[in-house]
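Structure record follows, encoded as structure tokens.
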Amino acid sequence: MKIEGKTVLVTGANRGIGQALVTEALSRGAARVYAGTRQALAHPDARVTPLNLDVTDAAQIRAAAESVESLDILVNNAGIALYDDLSERAALEQHLAVNLFGTYGVTQAFLPLLTGSQGAIVNNVSTMALAPFPFTPAYAISKAAAFNLTQSLRALLAGRGVRVHAALTGPTDTDMTRGFDIPKASPESVARAIFDGVENDEEDIFPDPMSASIADSWRNGAVKAMERENAAFVAAEPTAA
Ligand SMILES: NC(=O)c1ccc[n+]([C@@H]2O[C@H](COP(=O)([O-])OP(=O)(O)OC[C@H]3O[C@@H](n4cnc5c(N)ncnc54)[C@H](OP(=O)(O)O)[C@@H]3O)[C@@H](O)[C@H]2O)c1
């Protein structure tokens, strides 16, 4: 799947990795980039169409889907990460609302367009889907759930010609990681690696040095083999997603 000439939608497009994904899609020759944001966005490139899109707002999701005529690549990037210690159920619900149900809702809304174009979905999850960081456990739980959603969608949509990728992103230098004094990748390099992964048809994309260090063991590991074995059941008996 080449980005050139394609129509791409990025959620959470106004800053951080989402903003870098918009810039990267444009520089790869995307024909149209829909930039989903919660506040109005002005962009100098005429190929960018801003979309009012709070991913927790069902009416906005519906209106956004109705305003887009065709779509090749949906990037579910919008996300929140707040400190918590699992003492408050509300913190868990807040993370699930954006990071899991937001991803789910936007995906369902744009699925007819993506099946029509035989397109691709990219869910920007996190290495924390695999190994939580105990200062942000609610975030990690929501990313684990979003990754599992990604794996099931991958199996369920394969028969309908839609590729489903996970970006298992590691520490990246954005507002989200401000205050963490650790090595971080630039959002621009992560955006490049995510679209490289899509263009190279990598199911699971490890777009930064930290995540890349576990890529081989993940791809060749027993858990990935089990994901493929389980997916083969769906391939044998297609069901609607
Ligand atoms: N930074 C990292 O180290 C890292 C690592 C792994 C994965 N990720 C993932 O990468 C994605 C982007 O994160 P980032 O680092 O670029 O963080 P960021 O700079 O904090 O940006 C988050 C983006 O998500 C948007 N957003 C939040 N809630 C939303 C909602 N309800 N509806 C629509 N948009 C919403 C924000 O919009 P507003 O400006 O309106 O708040 C913003 O555009 C997230 O899913 C994050 O979990 C990041």
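Whatever order the structure lists ligands and atoms in, that order sets their numbers, starting from 1. All residue numbers in this chain count up from 1 along the given sequence.
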Pick from [options]: the one approaching [atom] most closely through a non-hydrogen atom:
atom                    : options             : value
atom 45 (O) of ligand 1 : L168, L41, N77, N76 : N77
atom 1 (N) of ligand 1  : V75, T174, V98      : T174
atom 5 (C) of ligand 1  : G102, G170, S211    : G170

Taking only non-hydrogen atoms of T169 and a 4.0 Å limit, the atoms of ligand 1 in range are 5 (C), 6 (C), 7 (C)

For ligand 1, which atoms sit closer than 4.0 Å to a heavy atom of G12?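 Matching atoms, with element in brackets: 24 (O), 25 (C), 43 (O).
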
For [X], state whether at least one heavy atom is located under 4.0 Å from any atom of ligand 1.
X    : answer
M128 : no
Y139 : yes
D54  : yes

Which bit of I17 gets closer than 4.0 Å to ligand 1, counting heavy atoms only: side chain, backbone, both or neither? both

For ligand 1, which part of D173 has a heavy atom less than 4.0 Å away: the side chain, the backbone, both, or neither? neither

Tell me whether T172 contacts the main-chain N or O of G170 through its side chain, where contact means a donor paired with an acceptor under 3.5 Å. yes

With nothing but distance in play, are any N or O atoms of [X] less than 3.5 Å from an N or O of ligand 1?
X    : value
P171 : no
T172 : yes
G18  : no
G79  : yes
K143 : yes

What protein heavy atom lies closest to atom 13 (O) of ligand 1? Include the residue and the distance to one decimal.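 Residue, atom and distance for the closest contact: M176 CE, 3.8 Å.
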
